[in-house]
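This report refers to the structure that appears directly beneath it.
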Protein chains: 2
Amino acid sequence: MEMATIKDVAKLAKVSTATVSRVINNSGYVHEDTRKRVEEAIRQLNYRPNAVARSLFKKESKSIGFIIPDITNPFFPQLVRAVEDTFMKAGYTILLFNTDGVLDYELQLIELMKSKYVDGILAVSNSIKREHLQDLTIPVVSIDRVIDPDLPSVSIDNYDGARQAVRHLLAKGCRKIAHLSGPENIDNARERCQGYLDEMKRNNMHPLVYPGNYELKEAMNAVLMLLTEHTDVDGIFAGNDVMAVGTIKAATKLGYKIPEDIKVIGFDGIDIGMTITPELTTMEQPILEMGRKGSELLLDLIHGKKIEQKRFVYQAKLVERHST
Amino acid sequence: MEMATIKDVAKLAKVSTATVSRVINNSGYVHEDTRKRVEEAIRQLNYRPNAVARSLFKKESKSIGFIIPDITNPFFPQLVRAVEDTFMKAGYTILLFNTDGVLDYELQLIELMKSKYVDGILAVSNSIKREHLQDLTIPVVSIDRVIDPDLPSVSIDNYDGARQAVRHLLAKGCRKIAHLSGPENIDNARERCQGYLDEMKRNNMHPLVYPGNYELKEAMNAVLMLLTEHTDVDGIFAGNDVMAVGTIKAATKLGYKIPEDIKVIGFDGIDIGMTITPELTTMEQPILEMGRKGSELLLDLIHGKKIEQKRFVYQAKLVERHST
DNA sequence: TCATTATCTGTAACCGATTACACATTACGA
DNA sequence: TCGTAATGTGTAATCGGTTACAGATAATGA
């Protein structure tokens with residue numbers, strides 16, 4: 001069954017395609033009777049305007065590209081969902097790309113998106129820098145990472161969140177607090193680490209940082225080492241929730257009781273935290289809100305609205321559960 | 001910075017656009033010298049063919065639509081990743097849609113996809129039926145659900161998987177096995193339930209089914225009730241892993257030890273199962289493999305290949321961890 | 001009543017590619 | 001040497017819409 005085109009409609013309604021177009025888009029003048037005829041023809045033929053043809057002329061596609069490292073990382077499903085909901089509601093389609101943070105690939109994708117007339121780009125990337133976006137006319141909003149102070153972005157105050165986390169552990173009576181850090185090449189991991197270091201110093205405590213990579217396995221190994229090398233540790237601030245889960249598993253395996261012997265706090269506020277036992281205390285990010293805000297920002301940019309504020313920095317919120 | 005078009009290239013290389021097109025697509029005859037000139041022009045102008053214009057003419061978009069209920073459901077991230085990897089490798093872009101299983105919305109999306117010349121559709125849906133796909137010329141592959149015996153699909157033998165799960169519990173010494181079922185309107189939930197019922201009957205055991213909805217909260221409530229109403233239950237087969245996690249949480253809360261007092265087995269094999277304590281025994285689905293297979297199937301369909309086999313049914317595999 | 005403006009509609013160019021077709025030239029086998 | 005096939009290239013139609021422009025008619029105000 002071939003799809004009807006605007007010409008078919010025009011012929012059936014005995015008008016020109018221009019008039020049909022006016023009816024479809026509700027633009028220009030169209031006599032009421034004519035409109036009726038056209039609408040009837042549209043109904044009869046079950047006509048739907050061809051999005052591709054429209055895109056070609058308008059140089060827009062009613063779609064946006066969303067670049068993320070890996071949907072399999074539990075931080076992203078919620079973010080993607082929030083973005084999708086916002087954009088779908090506005091009539092936009094999402095092109096989703098998992099890049100594993102590979103810059104070359106990300107740059108290729110940007111070219112691809114240009115050639116598809118994507119209306120905007122939402123990016124979560126550590127590798128993309130301002131120079132890669134120099135002569136890009138498509139609006140870009142960065143989520144969770146600040147690519148450049150000038151580039152619109154939605155992010156979290158990782159530094160302050162980390163300090164809050166440390167203070168919470170302190171308030172819970174911890175005397176020896178270690179930090180399981182994220183990958184060095186990721187800004188938010190460094191910021192969280194710095195927050196930890198500064199807050200420790202502020203309290204005249206010796207810092208103890210073990211490197212992790214935001215993943216479970218590695219975190220478990222790190223904690224296994226950490227707890228054998230430093231038996232006096234009674235509080236661990238993990239750089240993200242996934243590692244916090246690993247921390248709890250490792251500590252439990254070594255016979256420590258959480259939170260009695262060791263208190264653990266994570267960062268992110270992903271759902272997994274509530275599924276484990278004990279439920280994880282964490283610095284929660286407003287993921288949905290960030291996705292929504294990022295999307296609205298991009299939508300404004302797409303619509304050519306003046307952006308009064310470019311950077312949106314949210315505060316992580318302490319959610320106390322049973323691991324501290 | 002305006003993007004260069006094929007005309008710009010043609011002008012610079014002093015040839016017609018037809019020749020440029022031939023060079024780009026490596027089709028027809030092009031003299032070696034001419035090719036060189038054109039390629040040089042392409043390089044100079046940093047020209048990339050416009051995907052939209054190409055789509056319009058070719059009536060294809062090098063993109064596919066992927067309909068899923070909710071990316072937030074931990075079953076889907078892995079599936080999406082597998083699909084994306086396969087299609088990206090083949091040069092296709094993914095349009096991702098979360099529908100929450102709302103039929104009206106799904107049907108609208110199909111219209112949208114038609115108008116975007118999507119080359120194929122991958123669907124995970126309980127609501128879409130064959131009649132909705134009747135006069136659709138775009139190839140469709142169903143994943144995880146069998147929409148119609150005629151429609152290409154990739155799925156799991158839920159029935160057999162459920163029976164295996166029951167047998168495992170039996171082998172572990174359970175004498176009173178309950179089932180926490182999924183939503184009635186979802187085929188795979190019914191199949192798993194039926195598998196449970198049949199295997200129980202086969203062993204002359206009284207079945208005990210509590211209804212769940214594949215979600216954590218509801219599962220916890222159900223199990224709380226179940227275990228107070230039936231104190232002799234020593235094995236629970238949860239319809240999916242998320243509910244299995246809920247089961248463990250609820251049972252633990254009531255003071256039962258897992259697996260000593262009650263053994264729990266789930267279904268799906270999602271990552272969360274490995275993060276909780278005790279780690280979850282489950283009937284693992286080859287999610288990645290299913291995503292890959294579904295994608296390849298669709299790719300074959302798109303390329304007009306003859307499909308020798310339409311239905312691919314995988315077997316769930318028992319992964320024994322610490323909850324049984 | 002007449003100039004002016006508002007309403008209505010069609011023609012044709014355009015968006016940026018692809019390709020059928022025609023025509024010219026070259027290569028080749030007999 | 002000539003007929004045929006292979007090679008090389010351009011013209012123009014096409015994909016399915018949108019819109020600038022122009023021309024026609026109707027409505028309005030002075």
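Small disclaimer: the values here were computed from a predicted structure and weren't measured. A note on names: the letters A, B, ... follow the listed sequences, proteins ahead of strands, and every chain is numbered from 1.
Rounded to an integer number of Å, the gap from A:Asn50 CG to D:dT14 C1' is 14 Å. Between the CG atom of B:Leu56 and the P atom of D:dT14 there is a distance of 14 Å, given to the nearest Å. In this structure, the CD1 atom of B:Ile24 is 11 Å from the P atom of C:dT19, given to the nearest Å. Going from atom CZ of B:Phe57 over to atom C1' of C:dC14 covers 17 Å, rounded to whole Å. Nucleotide D:dG16 holds its P atom 14 Å from the NZ atom of B:Lys114, rounded to whole Å. Nucleotide C:dG16 holds its P atom 11 Å from the CD1 atom of B:Ile6, rounded to whole Å. Look at NZ on B:Lys58: it is 19 Å from P on D:dT14, rounded to the nearest Å. Straight-line distance from the CZ atom of B:Arg54 to the C1' atom of D:dG17: 20 Å, rounded to whole Å.
Side-chain N/O atoms of B:Lys59 include one lying less than 4.0 angstrom from OP1 or OP2 on D:dG16.
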TODO: Using the side-chain contact (heavy atoms from CB on, under 4.5 Å) rule, take B:Val23 and B:Glu39 through it: C-alpha gap first, then chi angles, then the decisive distance, then the call.
DONE: CA-CA 8 Å; B:Val23 171; B:Glu39 279 166 351; 4.1 Å; yes
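Atom CD1 of residue A:Ile128 and atom CG of residue A:Leu107 lie 6.5 Å apart, to the nearest 0.5 angstrom. A distance of 6.0 Å separates CD1 in B:Ile147 from CG in B:Leu133, rounded to the nearest 0.5 Å. Once rounded to the nearest 0.5 Å, the distance linking CE of A:Met3 with OH of B:Tyr117 reads 6.5 Å.
Here the side chain of B:Asp119 pairs a donor or acceptor atom with the backbone of B:Ser63 at under 3.5 angstrom.
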Open item on the list: Counting primed atoms plus P, OP1 and OP2 as sugar-phosphate and everything else as base, spell out the protein contacts along nucleotides 6-12 of chain C at 4.0 Å heavy-atom distance: B, S or - for each nucleotide, 5' to 3'.
Closed with: SBBBBB-
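Looking at B:Lys36 and B:Glu40, no side-chain N of the basic residue comes within less than 4.0 Å of a carboxylate O on the acidic one, giving no salt bridge.
Considering only side-chain atoms of B:Tyr117, the nucleotide from C:dC15, D:dC15, C:dT19 that sits closest is D:dC15. The nucleotide whose nearest atom lies closest to any side-chain atom of B:Ser21 is, among C:dT18, D:dT19, D:dG17, C:dT18.
Under a cut-off of 6.0 angstrom, the local environment of NZ in B:Lys7 is sparse, with at most 12 non-hydrogen atoms contributed by other residues, nucleotides or ligands.
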